[in-house]
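The next block holds one structure in the form of C-alpha coordinates; read it before the comments.
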Amino acid sequence: FPVTIRRGSMEYEDEKEGPRTAGPIIQGVRSTGIKIQVEKHVMDKMMGWCKAANSECSGKFMVRKNKTGFYVYDAFLPEQECSSGFTVFREEAYDRLAQYITNRTLAGRELTDEGAMDDVTLALRDLRRGWWHTHYNFNTFWSGTDDNTATRQAYLSEESWGVSIVVNQRGDVLGRVDVLSPCHICLDNVPVEVVNNTTHHRKRNYKWDIKRWVKPLTRTPSKPSIVTGK
(Lines give C-alpha, C1' and ligand atoms only; values in the text may rest on other atoms or scores of the structure.)
Protein backbone atom coordinates (compact mmCIF):
# COMPACT_ATOMS: atom_id res chain seq x y z
CA PHE A 1 0.00 0.00 0.00
CA PRO A 2 2.92 2.33 -0.82
CA VAL A 3 1.17 5.56 -1.75
CA THR A 4 1.36 9.18 -0.67
CA ILE A 5 -1.75 11.25 -1.36
CA ARG A 6 -1.55 14.98 -0.73
CA ARG A 7 -3.92 17.87 -1.32
CA GLY A 8 -4.38 18.19 -5.06
CA SER A 9 -1.68 15.70 -6.09
CA MET A 10 -0.79 12.02 -6.14
CA GLU A 11 2.58 10.31 -6.03
CA TYR A 12 3.10 6.69 -7.04
CA GLU A 13 5.96 4.43 -6.15
CA ASP A 14 5.50 2.66 -9.48
CA GLU A 15 6.33 5.39 -11.97
CA LYS A 16 5.42 3.16 -14.94
CA GLU A 17 1.77 3.40 -14.02
CA GLY A 18 1.82 7.16 -13.80
CA PRO A 19 -0.50 9.44 -11.83
CA ARG A 20 -4.28 9.23 -12.10
CA THR A 21 -5.84 12.46 -10.94
CA ALA A 22 -9.54 13.04 -10.45
CA GLY A 23 -11.23 15.04 -13.20
CA PRO A 24 -14.54 16.92 -13.29
CA ILE A 25 -17.72 14.98 -12.65
CA ILE A 26 -19.98 14.76 -15.71
CA GLN A 27 -23.35 16.16 -14.72
CA GLY A 28 -26.69 14.77 -15.82
CA VAL A 29 -25.66 11.11 -15.80
CA ARG A 30 -28.65 8.93 -14.96
CA SER A 31 -28.00 5.65 -13.16
CA THR A 32 -30.14 2.52 -13.22
CA GLY A 33 -31.23 3.07 -9.62
CA ILE A 34 -28.16 1.72 -7.85
CA LYS A 35 -27.71 2.36 -4.14
CA ILE A 36 -25.23 1.68 -1.38
CA GLN A 37 -26.74 -0.57 1.29
CA VAL A 38 -25.01 -0.30 4.68
CA GLU A 39 -25.64 -2.66 7.58
CA LYS A 40 -26.86 -0.78 10.66
CA HIS A 41 -23.84 -1.63 12.81
CA VAL A 42 -21.56 -0.17 10.13
CA MET A 43 -23.45 3.13 10.03
CA ASP A 44 -23.47 3.14 13.84
CA LYS A 45 -19.68 2.78 13.82
CA MET A 46 -19.04 5.53 11.29
CA MET A 47 -21.41 7.94 13.04
CA GLY A 48 -20.22 6.91 16.50
CA TRP A 49 -16.56 7.51 15.67
CA CYS A 50 -17.44 10.75 13.90
CA LYS A 51 -19.33 12.18 16.89
CA ALA A 52 -16.75 10.96 19.42
CA ALA A 53 -13.82 12.67 17.67
CA ASN A 54 -12.75 16.30 18.02
CA SER A 55 -11.32 16.16 14.51
CA GLU A 56 -11.84 14.37 11.25
CA CYS A 57 -11.18 10.63 11.12
CA SER A 58 -11.26 7.97 8.43
CA GLY A 59 -11.12 4.25 7.82
CA LYS A 60 -11.94 1.33 5.60
CA PHE A 61 -15.09 -0.70 5.08
CA MET A 62 -15.79 -4.03 3.43
CA VAL A 63 -18.05 -3.80 0.39
CA ARG A 64 -19.21 -6.10 -2.40
CA LYS A 65 -21.65 -5.89 -5.27
CA ASN A 66 -25.23 -7.10 -4.90
CA LYS A 67 -28.46 -6.95 -6.94
CA THR A 68 -29.20 -3.33 -6.04
CA GLY A 69 -25.66 -2.00 -6.33
CA PHE A 70 -23.27 -2.29 -3.39
CA TYR A 71 -23.41 -3.84 0.06
CA VAL A 72 -21.27 -2.63 3.01
CA TYR A 73 -21.01 -5.17 5.83
CA ASP A 74 -18.20 -4.07 8.15
CA ALA A 75 -16.11 -0.98 8.95
CA PHE A 76 -12.81 -0.34 10.71
CA LEU A 77 -10.90 2.52 12.33
CA PRO A 78 -7.15 2.04 11.71
CA GLU A 79 -4.46 3.79 13.76
CA GLN A 80 -4.23 7.34 12.42
CA GLU A 81 -3.28 10.95 12.99
CA CYS A 82 -5.97 13.57 12.49
CA SER A 83 -6.72 17.29 12.49
CA SER A 84 -9.81 19.32 11.66
CA GLY A 85 -8.84 19.17 7.99
CA PHE A 86 -6.80 16.01 7.43
CA THR A 87 -6.61 12.37 8.41
CA VAL A 88 -3.53 10.22 7.90
CA PHE A 89 -3.08 6.50 8.30
CA ARG A 90 0.15 4.92 7.24
CA GLU A 91 0.77 1.75 5.27
CA GLU A 92 1.80 -0.21 8.37
CA ALA A 93 -1.62 0.53 9.91
CA TYR A 94 -3.31 -0.83 6.80
CA ASP A 95 -1.04 -3.89 6.91
CA ARG A 96 -2.10 -4.59 10.50
CA LEU A 97 -5.75 -4.22 9.52
CA ALA A 98 -5.28 -6.61 6.60
CA GLN A 99 -3.63 -9.14 8.93
CA TYR A 100 -6.56 -8.84 11.35
CA ILE A 101 -9.01 -9.52 8.51
CA THR A 102 -6.94 -12.52 7.44
CA ASN A 103 -6.87 -13.97 10.98
CA ARG A 104 -10.59 -13.35 11.47
CA THR A 105 -11.47 -14.97 8.15
CA LEU A 106 -9.42 -18.06 8.95
CA ALA A 107 -10.71 -18.33 12.57
CA GLY A 108 -9.43 -21.80 13.43
CA ARG A 109 -8.80 -22.89 9.86
CA GLU A 110 -5.48 -23.33 8.09
CA LEU A 111 -4.61 -21.71 4.79
CA THR A 112 -4.26 -25.23 3.42
CA ASP A 113 -7.92 -26.01 4.23
CA GLU A 114 -10.20 -26.22 1.22
CA GLY A 115 -11.45 -22.77 0.23
CA ALA A 116 -9.58 -20.96 3.03
CA MET A 117 -7.24 -19.02 0.76
CA ASP A 118 -10.12 -18.07 -1.52
CA ASP A 119 -12.07 -16.71 1.46
CA VAL A 120 -9.09 -14.62 2.59
CA THR A 121 -8.58 -13.27 -0.92
CA LEU A 122 -12.24 -12.26 -1.20
CA ALA A 123 -12.25 -10.60 2.24
CA LEU A 124 -9.15 -8.52 1.49
CA ARG A 125 -10.57 -7.59 -1.91
CA ASP A 126 -13.76 -6.35 -0.23
CA LEU A 127 -11.62 -4.31 2.19
CA ARG A 128 -9.63 -2.60 -0.57
CA ARG A 129 -12.80 -1.35 -2.29
CA GLY A 130 -14.30 0.67 0.58
CA TRP A 131 -13.25 3.95 2.22
CA TRP A 132 -15.10 6.17 4.68
CA HIS A 133 -14.16 9.44 6.33
CA THR A 134 -15.73 12.24 8.33
CA HIS A 135 -15.94 15.97 7.85
CA TYR A 136 -16.27 16.67 11.57
CA ASN A 137 -18.76 19.57 11.89
CA PHE A 138 -18.47 20.71 8.26
CA ASN A 139 -20.74 19.86 5.33
CA THR A 140 -20.40 16.56 3.47
CA PHE A 141 -18.70 17.00 0.08
CA TRP A 142 -15.68 15.75 -1.87
CA SER A 143 -12.56 17.87 -1.65
CA GLY A 144 -9.82 17.61 -4.26
CA THR A 145 -7.89 15.38 -1.87
CA ASP A 146 -10.98 13.22 -1.35
CA ASP A 147 -11.40 12.88 -5.14
CA ASN A 148 -7.83 11.65 -5.47
CA THR A 149 -8.20 9.23 -2.55
CA ALA A 150 -11.38 7.74 -4.04
CA THR A 151 -9.69 7.36 -7.43
CA ARG A 152 -6.60 5.75 -5.95
CA GLN A 153 -8.75 3.34 -3.95
CA ALA A 154 -10.60 2.24 -7.09
CA TYR A 155 -7.24 1.73 -8.81
CA LEU A 156 -6.03 -0.52 -5.96
CA SER A 157 -9.19 -2.63 -5.89
CA GLU A 158 -8.02 -4.97 -8.71
CA GLU A 159 -11.46 -4.64 -10.31
CA SER A 160 -11.16 -0.90 -10.98
CA TRP A 161 -14.07 0.24 -8.80
CA GLY A 162 -14.47 1.60 -5.31
CA VAL A 163 -17.13 2.96 -2.95
CA SER A 164 -16.67 5.99 -0.68
CA ILE A 165 -18.81 7.46 2.10
CA VAL A 166 -18.40 10.73 4.01
CA VAL A 167 -20.40 11.60 7.15
CA ASN A 168 -20.48 14.51 9.58
CA GLN A 169 -21.56 15.12 13.17
CA ARG A 170 -24.98 16.39 12.07
CA GLY A 171 -25.72 12.92 10.70
CA ASP A 172 -25.40 13.79 7.00
CA VAL A 173 -24.26 10.98 4.71
CA LEU A 174 -22.88 11.23 1.17
CA GLY A 175 -21.98 8.26 -1.02
CA ARG A 176 -20.16 7.85 -4.32
CA VAL A 177 -18.95 5.10 -6.62
CA ASP A 178 -15.84 5.38 -8.82
CA VAL A 179 -15.39 3.08 -11.82
CA LEU A 180 -12.08 3.34 -13.69
CA SER A 181 -12.52 0.90 -16.56
CA PRO A 182 -12.90 1.48 -19.46
CA CYS A 183 -12.83 5.14 -18.37
CA HIS A 184 -13.16 6.99 -15.07
CA ILE A 185 -16.80 7.53 -14.15
CA CYS A 186 -17.75 9.04 -10.79
CA LEU A 187 -21.33 8.54 -9.62
CA ASP A 188 -21.91 11.10 -6.86
CA ASN A 189 -24.88 11.34 -4.47
CA VAL A 190 -25.53 7.61 -4.71
CA PRO A 191 -28.37 6.85 -2.23
CA VAL A 192 -27.16 5.27 1.03
CA GLU A 193 -29.67 2.92 2.63
CA VAL A 194 -29.25 1.46 6.13
CA VAL A 195 -30.31 -2.19 6.30
CA ASN A 196 -30.62 -4.75 9.10
CA ASN A 197 -27.54 -6.50 10.46
CA THR A 198 -26.94 -10.02 9.23
CA THR A 199 -25.04 -11.07 12.37
CA HIS A 200 -24.90 -10.01 16.02
CA HIS A 201 -22.59 -7.12 16.91
CA ARG A 202 -21.71 -5.81 20.34
CA LYS A 203 -22.10 -2.14 21.19
CA ARG A 204 -18.81 -0.25 21.01
CA ASN A 205 -17.35 2.48 23.20
CA TYR A 206 -16.63 5.01 20.47
CA LYS A 207 -14.85 7.50 22.72
CA TRP A 208 -12.49 4.74 23.85
CA ASP A 209 -11.87 3.76 20.21
CA ILE A 210 -11.01 7.34 19.28
CA LYS A 211 -8.73 7.74 22.31
CA ARG A 212 -6.88 4.53 21.44
CA TRP A 213 -6.59 4.78 17.66
CA VAL A 214 -6.71 8.51 16.78
CA LYS A 215 -3.82 10.83 17.60
CA PRO A 216 -3.39 14.55 16.81
CA LEU A 217 -1.73 15.32 13.49
CA THR A 218 1.20 17.62 14.22
CA ARG A 219 3.01 17.72 10.87
CA THR A 220 2.73 16.65 7.24
CA PRO A 221 3.79 13.00 6.92
CA SER A 222 7.06 12.18 5.17
CA LYS A 223 6.52 8.41 4.92
CA PRO A 224 4.08 6.74 2.50
CA SER A 225 0.58 7.18 3.84
CA ILE A 226 -3.02 7.89 3.00
CA VAL A 227 -3.99 11.50 3.51
CA THR A 228 -7.56 12.73 3.24
CA GLY A 229 -9.02 16.12 3.98
CA LYS A 230 -11.47 18.79 2.99
Side-chain angles (χ1 to χ4, degrees), residues 1-13 19-22 42-62 72 74-101 127-156 162-176 178 204-230:
F1 211 73
V3 56
T4 300
I5 302 179
R6 303 185 188 282
R7 189 184 299 273
S9 67
M10 302 182 74
E11 300 174 7
Y12 289 79
E13 191 170 87
R20 294 189 181 193
T21 56
V42 175
M43 186 60 70
D44 288 345
K45 286 178 182 177
M46 292 189 294
M47 285 298 182
W49 289 325
C50 177
K51 293 177 181 180
N54 293 319
S55 64
E56 291 192 359
C57 59
S58 64
K60 299 288 291 178
F61 57 71
M62 302 178 78
V72 181
D74 212 347
F76 305 94
L77 181 76
E79 302 163 68
Q80 57 195 271
E81 300 169 39
C82 303
S83 69
S84 61
F86 286 99
T87 73
V88 178
F89 62 89
R90 305 177 192 279
E91 59 179 307
E92 50 266 36
Y94 179 85
D95 290 342
R96 282 191 285 272
L97 175 56
Q99 187 60 57
Y100 167 77
I101 296 297
L127 181 70
R128 283 192 289 270
R129 296 170 178 147
W131 164 62
W132 67 271
H133 72 294
T134 75
H135 272 187
Y136 190 34
N137 55 8
F138 300 97
N139 293 330
T140 53
F141 62 95
W142 308 106
S143 69
T145 305
D146 294 339
D147 281 332
N148 285 330
T149 303
T151 303
R152 176 60 175 169
Q153 171 188 259
Y155 168 69
L156 290 172
V163 178
S164 305
I165 293 175
V166 57
V167 301
N168 64 17
Q169 292 187 340
R170 291 196 300 269
D172 301 326
V173 182
L174 182 64
R176 70 184 268 176
D178 286 82
R204 301 193 64 89
N205 184 329
Y206 301 113
K207 290 185 177 180
W208 184 88
D209 289 342
I210 292 295
K211 183 177 181 180
R212 180 177 181 182
W213 301 114
V214 178
K215 305 301 180 185
L217 178 63
T218 57
R219 60 187 179 86
T220 302
S222 58
K223 293 182 64 178
S225 54
I226 295 180
V227 182
T228 68
K230 61 180 182 294

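When a residue number appears, it is its place in the shown sequence, counting from 1. As the structure is a computational prediction, the values presented were derived from the model and not from experiment.
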[Y] side chain reached by [X] side chain, heavy atoms, under 4.5 Å:
{"X": "Met47", "Y": "Val173", "answer": "yes"}
{"X": "Leu127", "Y": "Phe76", "answer": "yes"}
{"X": "Val166", "Y": "Arg176", "answer": "no"}
{"X": "Asp146", "Y": "Trp131", "answer": "yes"}
{"X": "Tyr206", "Y": "Asp44", "answer": "yes"}
{"X": "Glu56", "Y": "His135", "answer": "yes"}
{"X": "Lys45", "Y": "Asp74", "answer": "yes"}
{"X": "Val88", "Y": "Gln80", "answer": "no"}

If every non-hydrogen atom of [X] is compared with every non-hydrogen atom of [Y], which pair is closest and at what distance?
{"X": "Ser84", "Y": "Ser55", "result": "N-CB, 4.2 Å"}
{"X": "Ala53", "Y": "Gln169", "result": "O-NE2, 3.0 Å"}
{"X": "Ile165", "Y": "Val167", "result": "CG2-CG1, 4.0 Å"}
{"X": "Gln153", "Y": "Val163", "result": "NE2-O, 3.2 Å"}

- Without swapping roles, check the side chain of Glu81 against the backbone of Phe86 for a donor-acceptor pair under 3.5 Å. no
Measure the [atom1]-[atom2] distance between [X] and [Y] for me, rounded to the nearest 0.5 Å.
{"X": "Tyr136", "Y": "Cys50", "atom1": "OH", "atom2": "SG", "answer": "9.5 Å"}
{"X": "Phe138", "Y": "Arg170", "atom1": "CZ", "atom2": "CZ", "answer": "10.0 Å"}
{"X": "Cys82", "Y": "His133", "atom1": "SG", "atom2": "NE2", "answer": "11.5 Å"}
{"X": "Leu97", "Y": "Glu92", "atom1": "CG", "atom2": "CD", "answer": "13.0 Å"}
{"X": "Met46", "Y": "Lys51", "atom1": "CE", "atom2": "NZ", "answer": "12.0 Å"}
{"X": "Asn148", "Y": "Trp142", "atom1": "CG", "atom2": "CH2", "answer": "13.0 Å"}

For residues 210-217, dump all side-chain donor-acceptor pairs below 3.5 Å to protein atoms at least two apart in sequence or in another chain.
residue: Lys215; atom: NZ; partner: Lys211; partner atom: O; Å: 3.2

- Item | Residues Glu79 and Arg90 bridged, charged N to O under 4.0 Å | no
- Task: For Asp209, check side-chain hydrogen bond (donor to acceptor under 3.5 Å, both in side chains) against everything at least two apart and list the hits.
- Result: Trp49, Arg204
